[in-house]
Amino acid sequence: MLIAVDGPAASGKGTIARALAAHFHLPHMDTGMLYRAVALNLWRWGGDLGSEFEALRACDVAAVDPDDPEIRSEPISSIASRVSAYPSVRAALLDRQRQFAQQPGGAVLDGRDIGTVVAPAADAKLFVMASAEVRAQRRVRELLERGLPAHYEDVLTDIRARDERDMGREVAPLSQADDAILLDTTDLTADEAIVEAIRLVEARLAATAT
Ligand code: C5P
């Protein structure tokens, strides 16, 4: 069974995707981590953000370290959103995501273009969203919990800029697939969002099984 979870930054898609993976006993891939790893690589080399060629070279990342303290920082989030607009960077990371999606037994992937590009034939697709203000509050809480600096106004500005870039880019922009189910988490706690996500996916699977 293949489940695609897409949505903007801090919408709750990561939490939901992890919970769906645990519930259905499926492996999970946070595809944003791939773009973040490229961003971190480029930044550590002192590479030129404005150069698609240098960003492509930074795709040569052997492994993603999700525990690297910098990988979730605001500067890396912003660089990830910039390098992800380069078509050659997206193409370089596509195979890895498709292979993960096509493994026997299925998988859960979360990102921006899973339901539209990486796994358009997914059995269930969720598009998770929330207001920019609520997403900024969540992001500030998460950064502070990780011991990273965070200021609400800066984070809100950054989230809006990332939304614009992710939705406005030419290749694989963030958009809801026609057959994706919308889940608005603005007024939901994480637990409520997870319960609703499981209910929606189970309903979709039951509907397509008949
Ligand atoms: O999901 P996360 O916020 O960690 O992703 C970081 C950045 O990577 C996003 O802002 C987006 O620009 C990019 N991304 C993408 N396609 C994906 C996953 C992430 O373009 N499937």
Side-chain angles (χ1 to χ4, degrees), residues 2-22 26-45 47 49 54-103 106-119 122 125-129 135 138-139 141-143 145-148 150 155 158-159 161-163 165-166 169 171-174 190 194 197:
L2 182 53
I3 305 176
V5 183
D6 289 301
S11 56
K13 66 184 185 313
T15 304
I16 287 171
R18 274 192 303 278
L20 287 171
L26 293 169
H28 165 234
M29 179 185 257
D30 169 357
T31 63
M33 272 296 170
L34 298 176
Y35 292 91
R36 287 174 180 276
V38 173
L40 192 57
N41 219 6
L42 186 66
W43 182 68
R44 287 200 171 136
W45 284 349
L49 279 186
E54 290 193 18
L56 180 60
R57 277 185 56 212
C59 291
D60 201 10
V61 195
V64 178
D65 177 7
D67 297 323
D68 189 307
E70 257 154 352
I71 204 156
R72 292 191 183 275
S73 68
E74 279 308 289
I76 297 305
S77 303
S78 169
I79 297 171
S81 143
R82 287 184 60 183
V83 298
S84 71
Y86 291 131
S88 60
V89 168
R90 303 202 71 82
L93 299 180
L94 189 56
D95 256 10
R96 223 150 133 177
Q97 299 172 72
R98 286 217 169 124
Q99 272 173 24
F100 191 89
Q102 284 160 8
Q103 63 188 294
V108 180
L109 285 88
D110 75 85
R112 302 291 189 289
D113 61 341
I114 309 303
T116 51
V117 175
V118 176
K125 300 179 185 177
L126 289 183
F127 192 82
V128 185
M129 53 92 67
R135 288 187 286 130
R138 289 176 187 164
R139 195 71 192 123
R141 213 178 312 134
E142 185 192 323
L143 288 166
E145 277 168 14
R146 287 175 194 272
L148 292 163
V155 172
D158 181 68
I159 275 192
R162 276 217 276 161
D163 282 357
R165 264 200 302 269
D166 289 349
R169 69 179 172 231
V171 183
L174 169 66
I194 289 168

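Values in this document were obtained by computation on a predicted structure and should not be read as measured data.
Between the side chain of R72 and the backbone N or O of L143, no donor-acceptor pair lies under 3.5 Å. The backbone N or O of A58 sits less than 3.5 Å from a side-chain atom of N41, completing a donor-acceptor pair.
The shortest side-chain heavy-atom distance between R57 and W45 falls under the 4.5 Å cut-off. Residues D166 and S81 form a side-chain contact, since some pair of their non-hydrogen atoms from C-beta on lies under 4.5 Å apart. Annotation: side chain of Q97 is in contact with side chain of I114 (closest heavy-atom distance under 4.5 Å). Looking at D65 and L40, their side chains never come closer than 4.5 Å, going by heavy atoms from C-beta outward.
Contact record, V118 with L109: CG1-CD2, 4.2 Å, taken as the closest heavy-atom pair. Here the closest heavy-atom approach between residue A55 and residue V83 is recorded as CB-CG1, 4.0 Å. Scanning all heavy atoms of the two residues, the minimum distance from I16 to A197 falls at CG2-CB, 3.5 Å. The heavy-atom pair separating I194 from A19 by the smallest distance is CG2-CB, 3.6 Å. Nearest heavy atoms, P8 versus D163: CB-OD1, 3.6 Å. Shown here for V64 and A37, the closest heavy-atom pair between the two residues is CG2-CB, 3.9 Å.
Checked against L126 for a side-chain contact (heavy atoms from CB on, under 4.5 Å), the options L20, D110, V108 give a single hit: L20.
With sequence neighbours excluded, no residue forms a salt bridge (charged side-chain N to carboxylate O under 4.0 Å, His left out) with R138. For R18, the side chain to side chain contact (heavy atoms under 4.5 Å, CB included) criterion is met by T15, H28, not counting sequence neighbours. For R82, the side chain to side chain contact (heavy atoms under 4.5 Å, CB included) criterion is met by L49, R165, not counting sequence neighbours. With sequence neighbours left out, the side-chain hydrogen bond (donor to acceptor under 3.5 Å, both in side chains) criterion links Q99 to no other residue. The salt bridge (charged side-chain N to carboxylate O under 4.0 Å, His left out) search around D6 returns none, not counting sequence neighbours.
With hydrogens and angles left out, the side-chain atoms of Y35 and R90 include a donor and acceptor closer than 3.5 Å.
With salt bridges taken as basic N to acidic carboxylate O contacts below 4.0 Å, one links E142 and R139.
The salt bridge (Lys or Arg N to Asp or Glu O under 4.0 Å) contacts involving residues 32-45 comprise R44-D68, R44-E70, where partners must be two or more places apart or lie in separate chains.
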